[in-house]
Chemist: 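Dumping the structure here so I can ask a few things about it.
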Amino acid sequence: MDCQGKESSIRKSQKGLLIMKKAAVADATLRVCEYSGCTLGFKEKIEIVRQLDRLCVDVIETAPLLNGKSDVLFLHTIAPLTEKCTLSCAVTLDEELIKLSCQAIVKAAKPRINIIAPVSTVQMEYHCRQKPAVVLEKIASAVSAVRAAGIETEVSLADATRAEYDFLVSAVKTAISAGAQIVTVCDSAGVMLPGEMSEFIKKLTGDVPELSGVVLSVENSDELHMAPACAISGIRAGVRQVKTAVGVPGKLQLEALADILSAKGEALQITTSLNRTACSTIIAVIRDIISGKTAAASPVRKSGIGREENWKLASSDDMAAIGEAVKKLGYELSAGDLASVYQEFQRISVKKELGAKDLDAIVATVAMQVPPTYTLKSFVINSGNVITSMAHVILLKNGEEVQGFSMGDGPIDAAFMSIENIVGRHFELDDFQITAVTEGREAVGSGIVRLRSNGKLYSGKGISTDVIGAGIRAYVDALNKICYEENN
């Protein structure tokens with residue numbers, strides 16, 4: 001599923017037309033990491049943002065600006081990476097922090113300030129040392145300041161499910177009256193069961209009719225391992241946004257929510273904008289970063305590099321067998337392309353048995369040959385064991401030069417991300433292979449790149465005496481096939 005911006009979508013079922021409720025997904029991984037003892041570096045945070053953007057979450061939440069200039073620089077850096085989703089910066093009820101955060105995030109395509117306010121007696125008196133009346137005043141003042149800056153405003157009511165109910169109602173009404181567009185009620189202690197969450201939301205919306213004019217959101221902790229079920233119950237009761245996280249214990253896990261909606265979304269009449277095709281892969285990348293298994297999740301490292309299926313193909317195999325093998329690799333070929341693949345297979349298979357990589361190379365060489373949208377003009381790579389790899393790639397499109405610059409985890413990673421910067425979109429790298437086709441120091445290298453776009457695989461091939469050049473040419477070859485099919 002691609003990123004969507006609609007509030008609801010209509011799906012057909014055997015029973016007729018179903019109106020699907022659209023639930024926005026606000027991922028709070030970067031925000032909650034700050035409070036869970038997980039220390040992330042600048043590069044790791046940026047990679048998480050890239051992955052969440054690929055996943056098509058609606059909102060990416062960041063932590064409060066507690067580290068001065070470095071946090072401000074981080075927001076400025078990720079702002080261009082979040083053009084499709086909302087970038088939300090958390091703040092406390094601190095006037096100076098609110099002012100600084102507004103200045104830091106205002107250049108994002110869709111900026112949001114998330115004002116976190118305590119509403120339970122425990123949090124107000126012991127954590128913040130604030131009286132209820134003062135908290136209400138600070139909520140109104142904070143919302144007014146953000147709205148005056150022209151930035152979308154969310155108020156998250158911490159520990160809302162343990163607050164005095166009458167005070168909670170007052171806090172919600174105060175936030176909305178001041179101009180808040182999103183109100184989040186937090187089950188910070190994770191004390192609610194699914195049925196209780198549903199009743200809580202229904203009662204709150206009944207007692208605060210003003211909620212009909214804003215987005216009602218929930219943030220569920222997972223102390224009782226009920227967060228996914230509570231989130232679903234909340235959505236069915238009228239909630240339009242849920243908060244998730246990846247790899248942070250005690251929080252609603254994005255993977256759990258995605259799994260439920262993948263299996264039961266249509267029956268529950270709930271949909272999201274999540275990219276289901278790449279969901280498990282992207283979440284695995286983020287989990288690796290959070291757990292410290294890798295310093296940075298390179299798209300090259302996370303591809304299927306070096307994998308090899310165990311099956312072999314012989315010259316006696318017919319076109320049906322080759323078609324099944326092509327499907328195992330993940331390709332959907334037209335009858336004409338499959339015929340071309342089979343013809344090339346017959347030519348080569350008389351000399352040797354062929355494996356998955358051999359068939360992959362055949363598909364990349366003869367299937368879906370198209371007029372090029374992009375051609376490689378030049379590339380410059382700076383790489384070493386003491387510097388971050390950087391790539392500058394220049395392509396030609398309709399005779400005009402287009403260029404991209406990027407840093408990456410190795411020269412190939414940097415080069416591929418430079419091309420992504422040129423085309424303005426990200427493709428899932430399913431596989432990348434480099435093999436020598438001649439011997440000696442001047443050996444020619446052959447690169448195979450498999451890109452996935454909208455769930456479909458496209459394979460490209462490139463040849464060069466430079467392995468990096470072979471990889472870049474293979475990537476551009478696959479990219480041209482995607483562009484041709486999308487434009488025709």
Side-chain angles (χ1 to χ4, degrees), residues 24-40 42 45-46 48-49 52 57-79 81-82 85-108 110-120 123-124 127-128 130 135 138-139 141-147 149 151-160 171 175 178-188 215 217-221 241-246 248 250-252 254 290:
V25 176
D27 188 87
T29 301
L30 292 174
R31 172 169 65 82
V32 298
C33 270
E34 295 293 324
Y35 303 101
S36 64
C38 177
T39 303
L40 296 172
F42 197 86
K45 291 179 182 179
I46 291 175
I48 289 175
V49 170
L52 290 174
V57 298
D58 298 277
V59 184
I60 297 176
E61 296 192 352
T62 66
L65 304 182
L66 302 178
N67 298 314
K69 293 183 179 180
S70 62
D71 285 346
V72 172
L73 177 61
F74 172 65
L75 283 182
H76 288 171
T77 303
I78 65 175
L81 307 178
T82 56
C85 66
T86 297
L87 181 60
S88 175
C89 179
V91 298
T92 60
L93 297 174
D94 181 285
E95 293 182 4
E96 289 300 319
L97 180 61
I98 292 171
K99 182 179 179 180
L100 177 64
S101 300
C102 288
Q103 293 171 347
I105 202 171
V106 72
K107 291 185 179 180
K110 300 177 183 178
R112 178 187 294 180
I113 294 294
N114 178 19
I115 302 166
I116 301 176
V119 290
S120 70
Q123 290 211 7
M124 284 190 293
H127 290 192
C128 303
Q130 300 285 356
V135 170
K138 285 182 173 291
I139 290 175
S141 176
V143 173
S144 297
V146 178
R147 296 293 291 135
I151 297 175
E152 187 176 54
T153 310
E154 175 180 1
V155 174
S156 291
L157 303 174
D159 212 14
Q181 294 134 302
I182 306 99
V183 174
T184 299
V185 288
C186 306
D187 183 20
S188 306
V215 174
S217 169
V218 291
E219 182 170 350
N220 297 102
S221 292
Q241 176 183 276
V242 293
K243 301 290 184 80
T244 64
V246 177
V248 182
K251 302 297 178 181
L252 169 59
L254 179 55
I290 299 297

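Atom set for the values below is all heavy atoms of this structure, side chains included, hydrogens, waters and symmetry mates excluded. Note that the structure is predicted; figures quoted are calculated from it, not measured.
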Chemist: Are any of the side-chain heavy atoms of Ile115 and Ile139 separated by less than 4.5 Å?
Modeler: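 A side-chain contact under 4.5 Å is absent here.
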Chemist: For Lys110, enumerate each residue passing the side-chain contact (heavy atoms from CB on, under 4.5 Å) test, keeping only those at least two apart in sequence or located in another chain.
Modeler: Thr86
Chemist: With sequence neighbours excluded, tell me which residues meet salt bridge (charged side-chain N to carboxylate O under 4.0 Å, His left out) with Lys138.
Modeler: none
Chemist: Is there side-chain contact between Val218 and Val242, with at least one heavy-atom pair below 4.5 Å?
Modeler: yes
Chemist: Considering all heavy atoms of both residues, which atom of Ile116 and which atom of Ala158 are nearest to each other, and what is their separation?
Modeler: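 Closest heavy-atom pair between Ile116 and Ala158: CG2-CB, 4.4 Å.
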Chemist: Supply the atom-to-atom distance Ile60 CD1 to Lys45 NZ, rounded to the nearest 0.5 angstrom.
Modeler: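 The CD1 atom of Ile60 sits 14.0 Å away from the NZ atom of Lys45.
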Chemist: Minimum heavy-atom separation for Val72 and Leu100, please, with both atom names.
Modeler: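 Closest heavy-atom pair between Val72 and Leu100: CG2-CD1, 4.2 Å.
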Chemist: Nearest 0.5 Å please: distance from the CG atom of Leu75 over to the NZ atom of Lys107.
Modeler: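 Here the interatomic distance stands at 12.5 Å.
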Chemist: Could you verify whether a donor N or O on one side chain and an acceptor N or O on the other, from Asp27 and Thr244, lie under 3.5 Å apart?
Modeler: yes
Chemist: Quick check for you: to the nearest 0.5 Å, what is the distance between Ile151 atom CD1 and Gln103 atom CD?
Modeler: 9.5 Å
Chemist: Mind checking whether Thr82 and Leu52 have side chains closer than 4.5 Å, heavy atoms only?
Modeler: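 Not in contact.
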Chemist: How close do Leu157 and Val155 get, heavy atom to heavy atom, and via which atoms?
Modeler: CD2-CG1, 3.6 Å
Chemist: Can you name the closest pair of heavy atoms from Ala104 and Leu65 and give their distance?
Modeler: CB-CD1, 3.9 Å
Chemist: Is there a side-chain contact between Ser101 and Val146, using heavy atoms and a 4.5 Å cut-off?
Modeler: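 No, side chains not in contact.
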Chemist: Partners of Asn114 by side-chain hydrogen bond (donor to acceptor under 3.5 Å, both in side chains), sequence neighbours excluded?
Modeler: Ser156
Chemist: Could you tell me the separation between the CZ atom of Arg147 and the CD atom of Gln181, rounded to the nearest 0.5 Å?
Modeler: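 One finds 4.0 Å between CZ of Arg147 and CD of Gln181.
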Chemist: If you define the side chain from C-beta out and look only at heavy atoms, does anything of Cys33 sit under 4.5 Å from Val248?
Modeler: yes
Chemist: Report the residues that fulfil side-chain contact (heavy atoms from CB on, under 4.5 Å) with Ala108, sequence neighbours left out, ordered by chain and then residue number.
Modeler: Ala79, Leu87, Ile105, Pro111
Chemist: Return the set of residues passing side-chain contact (heavy atoms from CB on, under 4.5 Å) with Ala26 (not counting sequence neighbours), or none when no residue passes.
Modeler: Val59, Glu61, Gln241, Lys243
Chemist: Heavy atoms only: give me the nearest Val119-Ala171 pair and the separation to one decimal.
Modeler: CG1-CB, 4.0 Å
Chemist: Measure the spacing between CG of Leu30 and SG of Cys89 and express it to the nearest 0.5 Å.
Modeler: 11.0 Å
Chemist: With a 4.5 Å limit on heavy-atom distance, are the side chains of Leu93 and Ile98 in contact?
Modeler: no
Chemist: Using the test side-chain contact (heavy atoms from CB on, under 4.5 Å), find all partners of Ala63 that sit at least two apart in sequence or belong to another chain.
Modeler: Glu34
Chemist: What's the shortest heavy-atom distance between Ser221 and Lys251, and which atoms?
Modeler: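 For Ser221 and Lys251, the tightest heavy-atom pair comes out as OG-NZ, 4.1 Å.
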